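Encoded as structure tokens, the structure appears first; notes follow it.
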Amino acid sequence: MEKRTDYCGSITEKYVGQRVSLDGWVQKRRDLGGLIFIDLRDYKGIVQLVFNTDHKEALEIAESLRSEYVINILGTVRLRDESAINDKMTTGKVEVVVDTVELLNKSVTPPFEITDNVDASEETKLKYRYLDLRRPEMQKAIRTRAQIKHSVHEYLHDNGFIDIETPNLTPSTPEGARDYLVPSRVYPGHFYALPQSPQLFKQLLMVGGFDRYYQLAHCFRDEDLRGDRQPEFTQIDLEMSFMSAEEIQEVTEGLIARVMKDEKGIDVKLPFPRIDWDDAMARYGSDKPDIRFGMELQDLNDIFAESEFKVFKGTIDNGGHVKAIVVKNNADKYSRKNIEAYQEYIKRFGAKGLAWLKFNDDKITGPVAKFITAQESALVERLGLENNDLVLFVADKKKVVADALGYLRVAIAKELKLYDPNEFAFTWVVNWPLFEYDEGIQRWTAAHHPFTMPNEEDIHYLDEDPHKAYAQSYDIVLNGYELGGGSIRIHNAEIQEKMLKALEFTKEKAYAQFGFLLDALQYGCPPHGGLAIGLDRFAMLLSGKDNIRDVIAFPKNSNATEPMTHAPREVDPNQLVDLGIEVSKTSDK
RNA sequence: GGUUCCUUGGUCUAGUUGGUUAGGACGCCUGCCUGUCACGCAGGAGAUCGCGGGUUCGAUUCCCGCAGGGACCGCCA
């Protein structure tokens with residue numbers, strides 16, 4: 001086997017006349033008889049090889065080559081004839097005349113072609129992930145991810161952060177996401193949990209005197225998957241002592257700016273805009289607003305408070321909201337049928353209906369127009385209606401209005417291409433509520449996590465009316481995705497105990513679960529805070545993908561299984577005996 | 001846990017009043033071809049129509065159940 005001198009994708013005019021040795025996979029063979037062309041591929045690209053009767057032995061081997069065979073060749077680079085130039089290839093002006101070829105390995109016929117325009121199903125691609133990974137766009141995405149990690153390590157190292165690993169076998173805590181449990185053999189009936197995040201450990205590192213910690217931490221959450229959620233994922237995890245929320249955000253902005261520069265060549269504008277959580281919900285119907293376009297939600301309660309239109313007035317009288325978005329100059333693109341399809345869709349958020357009207361020739365039309373004639377002029381003025389505008393109303397409870405209109409705003413902007421898909425719009429969402437009400441379990445839970453510091457001026461609410469408190473927490477949002485989030489933590493044992501009490505922890509329960517933290521807070525814990533950025537989502541967005549599967553080498557499918565290795569699998573009964581575990585029949589799937 | 005859609009050669013798919021030789025494209029195999037790059041030409045192989053049951057003279061097609069897959073809601077401190 002000849003030592004490789006160059007990569008296929010880098011052979012250009014500069015190489016003309018040079019003798020090269022290339023390794024790669026056979027992309028395509030075009031056999032013209034006494035002349036054979038082979039496209040040879042490596043991760044840098046494809047170059048055309050020529051086999052002809054000048055080198056009969058090589059030609060003979062070339063006849064037997066098939067897709068994905070692995071070969072090494074020796075040959076000479078030459079310019080193609082003017083008529084044979086292929087503008088679609090970066091190597092299209094040249095070709096390599098092969099005199100010697102060695103077959104390094106055969107391949108059976110692959111289940112799908114190794115190309116970016118692959119038409120195989122997601123399932124097939126995952127089953128043959130090692131082939132999927134050979135595709136150029138996958139190579140690019142996984143390499144982008146690696147580059148981001150490299151930039152992160154450099155930036156954080158240069159800024160005095162130290163990389164510390166925290167345990168993966170940790171205690172389970174019932175707050176938050178469902179844990180992946182790992183049974184203990186030594187103590188049957190006892191379990192470790194895989195970390196949902198290194199939260200408590202990084203706080204303890206602050207107590208331990210490492211005032212700038214970071215880690216590319218693997219995290220595990222046993223919850224159902226989405227396009228931007230996998231059961232195991234990686235966080236760029238940061239924690240700092242003696243820093244304010246603003247200072248932590250500044251460091252984070254520097255980190256993001258560095259990655260954007262390294263990976264995309266983009267100089268992002270700093271600082272990123274900040275928006276209060278309350279405003280984000282009111283204006284965008286989302287705690288992770290996509291600010292690349294407008295179409296903000298408009299509150300119309302004052303206009304419709306005395307309306308005869310019962311649907312609106314009734315909602316307002318019951319403490320609900322009437323809000324609308326205006327689709328500018330595109331009313332003609334939306335038929336009654338389109339709008340009813342959207343109405344059907346938003347029912348999943350609990351919306352009972354979708355009222356709408358169109359504005360043309362200085363008047364409103366549509367099914368609800370006749371009910372709101374009294375408010376027409378006020379509405380036209382408030383919304384600044386112009387010809388061919390479409391107005392979509394949702395009247396309901398606050399959360400339903402936000403969910404439904406927040407969804408419609410994004411879906412319609414995407415449909416009408418109201419933003420540049422190559423733009424990267426970062427924003428901070430700050431000043432979150434400290435608590436949120438969980439309808440499912442009928443109690444208040446921590447909006448961020450139980451170790452989040454309330455705003456200074458709200459600390460007194462912890463004793464009086466905890467649910468009025470806002471928190472020193474912040475999310476970093478990119479193009480409508482929650483890229484990361486963090487907070488200033490509670491460093492005072494007294495406040496931490498009040499917080500746990502507000503969450504209805506008894507003192508005993510609090511100590512049983514978080515005793516080590518409560519203890520640590522008493523030994524001179526420095527003020528501290530931090531945040532974590534989802535590496536997978538960041539890589540996904542920088543790669544222009546819409547699923548984090550595409551930036552994870554071996555991801556799970558949407559049912560949290562892995563079609564290639566068939567994880568999770570049943571285990572040998574003896575393993576269960578060792579662990580003192582019995583699988584109940586009813587849970588057997 | 002729920003809603004909804006899907007499952008036909010290796011891959012992607014067409015297929016309705018229930019009777020078809022289950023059609024196409026790409027891929028694969030054989031032969032021919034010295035300027036192809038979506039090479040071309042000629043020929044060929046390859047499908048128990050996801051599994052089980054039901055209705056029917058007859059089911060890829062209709063019904064029920066199951067399995068697998070996708071999207072979404074819940075869930076994701």
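All values reported here derive from a predicted model rather than from experimental measurement. Labels below follow one simple rule: chain letters A, B, ... track the order of the sequence lines, proteins then strands, and each chain is numbered from 1.
- Comparing B:rC76, B:rC37, B:rG74 by their nearest atom to the side chain of A:R80 picks out B:rC37.
- B:rU36 has its base stacked against the ring of A:F37, the centroids being under 5.5 angstrom apart at an interplanar angle below 30°.
- Ring centers of A:Y461 and A:Y470: at least 6.0 Å apart, outside the cut-off.
- Contact check, A:K28 against B:rU36: no side-chain N or O comes under 4.0 Å of OP1 or OP2.
- Residues A:L40 and A:Q27 form no side-chain contact, since every pair of their non-hydrogen atoms from C-beta on lies 4.5 Å or further apart.
- For A:A177, the side-chain atoms get nearest to B:rC76 when compared with the rest of B:rU11, B:rG69, B:rC76.
- Contact of the A:P450 side chain with the A:E175 side chain is registered, since non-hydrogen atoms from C-beta on lie closer than 4.5 Å.
- Checking the phosphate oxygens (OP1, OP2) of B:rG70, a side-chain nitrogen or oxygen of A:N559 falls inside 4.0 Å.
- Using atom P as the reference point in both B:rU7 and B:rG15, the two lie 10 Å apart (nearest Å).
- Comparing B:rG74, B:rU34, B:rC76 by their closest approach to the side chain of A:T53 singles out B:rU34.
- Aromatic ring centres of A:Y407 and A:Y345: separated by under 6.0 Å.
- In this structure B:rG27 sits in no base pair that meets the Watson-Crick or G-U test at under 3.5 Å.
- Distance from the side chain of A:R66 is smallest to B:rC29 among B:rC29, B:rC28, B:rC12.
- Distances from the side chain of A:K88 to the nucleotides B:rG27, B:rA38, B:rG74 place B:rA38 closest.
- Taking side-chain N and O atoms only, A:S121 has a distance below 4.0 Å to OP1 or OP2 of B:rC12.
- Side-chain proximity of A:T124 to B:rC12, B:rA71, B:rC39: nearest is B:rC12.
- Relative to the side chain of A:M89, the nucleotides B:rG35, B:rG27, B:rC37 differ in distance, and B:rC37 lies closest.
- Residue A:K347 places no side-chain N or O under 4.0 Å from the OP1 or OP2 atom of B:rC72.
- Checking A:T445 against A:R549, the closest nucleotide of RNA chain B that is more toward the 5' end is the one next to A:R549.
- For B:rG18, there is no paired base (Watson-Crick or G-U wobble, both distances below 3.5 Å).
- A gap of 11 Å separates the C1' atoms of B:rU3 and B:rG74, to the nearest Å.
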